[in-house]
Structures are given as C-alpha cells and as structure tokens.
Amino acid sequence: MIGISVYLSDEDAEARILRASSSGVKLAFTSLHIPEESGISSERVKGLLSLFKREGFQVFADVSKKTPALFGLHHFEELKELGVTSLRLDDGFTTDEMLGLSRHFRIAINASTVGEKELQRWIDCGLETGNMISWHNFYPKPETGLDEEYFLKQQNLYDRLGIPVYAFIPGDEMKRGPLHVGLPTLEDHRSQSPYVSAVQLKRWGVTGVFVGDPGCSKELLGKLLRFDQEDVIELFYNGSGEIQGEYQLRRDPGRDVLRLLDTRTESEIPPENTEERLRGTFTQDNDLYGRYRGEMQIVRRDLESNPKVNVVGRICKEYLDLIELFESGQRIEIKGNFIH
C-alpha cells in the first residue's frame, strides 16, 4: 500500500491529490490537529475531503480531542460522513473513547510509542486487533528519527499480533516546514533515496508506506506503485552498455554476483572494458567465457578485473543499497544512461 500526505495549509493540495490519483495512488494521510493547521476554515476541510471522496481515496486522519471544535464539527462521526475511514489518535483519548470511535473508524495506534503492555491492555478491554493498524510517527527534526533496531522490535511486536504497520518516508520534491529537511520515520531514511527507503520498509514487513512530505513527484509515485503491486524494482545506471530492459534474477544468489536469467547469447561479444568490478557494477561475460557468453551479472562486492568479463555499466550511487534488498528471483528493470 502506497499513500501520500496532504496538509490543509498547502496551497497546492488539490493539485497534489489529483496528481496522485492519476498515478493510481488512492490512499492519503492528513493531519487535523497540528498547530500549523490552526485557522483553517471548515469549508477548506470539507472541500479537500470531498475531493478525496470524489477521487476514491481512503483517508487516514491524525486527530486530537480538539479536532471537531477546531474545524466547526460537532462530533468525530461527521468526519466519517466526509470520507475519513481511519483515525490516528493523539494522546489524551481514554480507552473508552477509543473503543467508542472504533465502532465507526479503524483506529491507528502509535507504533512508535505504544509497547506490548499498553497494547495488550487495550485488547483486553475489547479493542479488536482486526480493527486496528499501527502507524509510526514522522520526525521533522534531524537526529530524532527512529533507530533501526527499535523499529524492527516494534515491527516484530505488531507482526505477532497480526496488526499491520504503516510508516513514513520523505518526499523527493518540496519538503514540509518548518524545517524542510524531510519527514521520515527512520533517521537513516532522511538522507537516503525515498525509493530505496520504501523498498526497505516493505522488505521488513511494513504494510503501508506513505510519503510524509507534500512534495512527491509523479515519477516516484509510479516507481513505488509498481514495486508495491508488481514487485518490480527499477534500477538506474551509468554506462555505455546497451542493457536497458526487464530481467529476472536467478533464484540462487551468488555470494559475489547476482546472475540475470536468459541473458546468454550465441552472438559474438569481444573482450572490452575488462576492468575492476566494483559493487553495483553490471557485467557481461565475453567470448572468452565460452558457453557463458552474454550472461549478465550484478556485482555484490568489489571484485578484481577478469579478462573474460566486460564491465557494461554501474548502478547509480543513490540506488546501490537496493542490491541487498533483492529477493530470490527478483524482477528488475534497468534504466539509463542518466542519473535519477
């Protein structure tokens, strides 16, 4: 599941909703309680929620107990009438209030802060796991995003209970204020390619990956959806070799290289560019390798040159970490010769 984040104070919110919808994204997160949204009219709220509803979105809303009054509503149930399907509850809700809201909405609990004891207490009080999702915070301030070890510990907890986990990655265009340095859940993702971050989260078992920043290109949305729906990873490379196209990795990954299926050929491939093979290099066996001629590989760790192996390209730097996220038999599409 891939989603966007839309903020009421964003003047381009409508355009972002329509762009995401045309890309095939139908999930959205919005905040209905943070300070930056104060002063927003109820007409603005209803207008954006109506647009979401018209475009067929499921809307997940971050709320506090003050949300209805803040936007001129009488009760939370009015949000359901406006198209909100799930509530991410801020601190301050009692267990009874949470249970009451769970009769009308799917409840998103805070995966970044809620541990096993508190979660089990809610379950014992009648909050059904089938009507829950767990959703991590995003962290606007550098150095405050979650640690990987803690994140995986929380993932394991919610996996054991059958509760899906949602998390945020930064956008690749306009970053949200006031700091404008990205809205990741994990600190490691603040400076990493959002695409690589999304693939990593999915490999860890995260169900819903949402772009936290308002700025998200149509290109990124397309890549994220394709990976989510088809499990195809797109790789961009630099090099002169004519290797663009779709491939599949063998199901038996080598220690040093990942081999691409059905790439051997009867055509002549003379030795050339038989240089050192750095991690992330695309290689192709030449005539000197006999029956292996034409076979392509992705190099997993730095290797010395081999006169039987031509270097035909290299994965762009920001995509290198995808190498260790491939699954057995992974489908990939190689694109180039330009940096993305």
Side-chain angles (χ1 to χ4, degrees), residues 2 145 147-149 151-152 167 169-173 181-182 184-204 206 209 211 216-217 219-224 226-228 230-261 263 273-285 295-306 309-340:
I2 302 298
D147 169 75
E148 180 180 318
E149 182 179 355
F151 181 91
L152 293 174
I169 59 171
D172 63 338
E173 293 185 335
V181 289
T185 289
L186 283 106
E187 187 59 37
D188 286 345
H189 291 173
R190 195 178 304 276
S191 58
Q192 184 172 266
S193 159
Y195 182 56
V196 176
S197 299
V199 174
Q200 186 175 53
L201 289 175
K202 284 295 207 176
R203 290 293 186 245
W204 286 345
V206 171
V209 174
V211 180
C216 181
S217 68
E219 178 190 20
L220 176 59
L221 287 177
K223 291 193 296 183
L224 293 176
R226 190 177 186 201
F227 171 69
D228 185 57
E230 304 175 31
D231 195 26
V232 174
I233 291 180
E234 297 184 9
L235 295 172
F236 295 87
Y237 81 100
N238 297 312
S240 58
E242 296 297 327
I243 59 173
Q244 299 183 58
E246 292 192 32
Y247 301 89
Q248 184 173 5
L249 302 181
R250 285 179 51 143
R251 294 190 176 277
D252 49 350
R255 183 196 65 177
D256 300 334
V257 299
L258 301 169
R259 303 164 75 182
L260 278 60
L261 284 171
T263 51
N273 297 325
T274 57
E275 57 197 49
E276 182 183 11
R277 295 165 290 163
L278 301 177
R279 178 174 176 265
T281 295
F282 289 106
T283 65
Q284 186 175 42
D285 296 344
E295 182 175 282
M296 291 174 55
Q297 301 94 26
I298 300 172
V299 178
R300 300 183 71 177
R301 66 188 185 97
D302 292 353
L303 299 172
E304 61 186 19
S305 62
N306 184 334
V309 181
N310 296 349
V311 170
V312 294
R314 189 162 188 260
I315 298 173
C316 295
K317 183 177 179 181
E318 64 179 296
Y319 293 93
L320 277 175
D321 288 338
L322 286 171
I323 295 173
E324 302 310 321
L325 298 175
F326 294 150
E327 293 188 332
S328 176
Q330 179 71 55
R331 293 167 60 205
I332 64 173
E333 182 172 3
I334 301 173
K335 295 183 174 182
N337 303 331
F338 42 87
I339 299 176
H340 280 252

query = CG of Leu258 to CD1 of Ile323: how many Å apart, nearest 0.5 Å?
reply = 7.5 Å
message = Could you check whether any side-chain N or O of Arg250 sits under 3.5 Å from a backbone N or O of Leu260, counting only pairs where one atom can act as donor and the other as acceptor?
response = no
ask   = Does any non-hydrogen side-chain atom of Val211 lie less than 4.5 Å from one of Pro194?
value = no
remark   = dist Phe151:CZ -> His189:NE2 (nearest 0.5 Å) comes out at 7.5 Å
task = Could you pull out the closest heavy-atom pair between Gly280 and Leu320, with the gap in Å?
result = CA-CD2, 3.6 Å
note = Here the pair of heavy atoms bringing Gly182 nearest to Pro170 is CA-CB, 4.2 Å
ask   = Quick check: does any side chain N or O of Arg314 sit under 3.5 Å from a backbone N or O of Arg279, one acting as donor and the other as acceptor?
value = yes
Partner of Ile169 by side-chain contact (heavy atoms from CB on, under 4.5 Å), out of Leu224, Val206, Leu186 = Leu224
inquiry  = Strictly distance-based, threshold 3.5 Å: is any side-chain N or O of Arg331 a donor or acceptor partner for the main-chain N or O of Glu230?
reply    = yes
query = When rounded to the nearest 0.5 angstrom, what distance separates CD in Glu304 from CZ in Arg277?
reply = 7.0 Å
ask   = Counting only N and O atoms by type, is there a donor-acceptor contact under 3.5 Å from the side chain of Ser305 to the main-chain atoms of Glu275?
value = no
message = Taking CD in Glu246 as the centre, count heavy atoms belonging to other residues, nucleotides or ligands within less than 6.0 Å. Is the count above 12?
response = yes
inquiry  = Let's go through Val257 and Leu303 carefully: what are the C-alpha distance in whole Å and the side-chain angles of both, what is the deciding distance for side-chain contact (heavy atoms from CB on, under 4.5 Å) to 0.1 Å, and is it a yes or a no?
reply    = CA-CA 9 Å; Val257 299; Leu303 299 172; 3.9 Å; yes
query = Which one of Gln192, Lys202, Arg190 satisfies the side-chain hydrogen bond (donor to acceptor under 3.5 Å, both in side chains) criterion with Ser197?
reply = Gln192
message = Set out, in order, the CA-CA distance, both residues' side-chain angles and the distance that settles side-chain contact (heavy atoms from CB on, under 4.5 Å) for Gln297 and Asp285, then state yes or no.
response = CA-CA 9 Å; Gln297 301 94 26; Asp285 296 344; 3.3 Å; yes
query = Just wondering, do Glu327 and Asp231 contact through their side chains at under 4.5 Å, heavy atoms?
reply = yes
ask   = Out of curiosity, Leu220 CG to Ser193 OG, how far, rounded to the nearest 0.5 Å?
value = 7.5 Å
task = May I ask you to test the Leu235-Ile298 pair for a side-chain heavy-atom distance under 4.5 Å?
result = yes
query = Any donor-acceptor pair under 3.5 Å linking the side chain of Asn310 with the backbone of Val312?
reply = no
request  = Can you establish whether the number of heavy atoms outside Glu324 located under 6.0 Å from its atom CD is more than 12?
outcome  = yes
task = Would you please test Gln200 and Asp188 for side-chain contact (heavy atoms from CB on, under 4.5 Å) and show each step?
result = CA-CA 11 Å; Gln200 186 175 53; Asp188 286 345; 5.9 Å; no
inquiry  = Using modelled atom types and a 3.5 Å cut-off, is there a donor and acceptor pairing between side-chain atoms of Thr281 and backbone atoms of Thr283?
reply    = no
query = Any donor and acceptor pair, going by atom type alone, linking the side chain of Tyr195 with main-chain N or O of Glu234 inside 3.5 Å?
reply = yes
Residues which pass side chain to side chain donor-acceptor pair (under 3.5 Å) with Glu333, listed by chain and number, not counting sequence neighbours = Arg226
ask   = Got a donor-acceptor contact below 3.5 angstrom from the Arg300 side chain to the Gly254 backbone?
value = yes
ask   = What's the spacing between Arg251 CZ and Gln330 CD if we round to 0.5 Å?
value = 10.0 Å
task = Give the ring-plane orientation class for Phe282 versus Tyr237, where under 30° counts as parallel, over 60° as perpendicular and anything between as tilted.
result = perpendicular
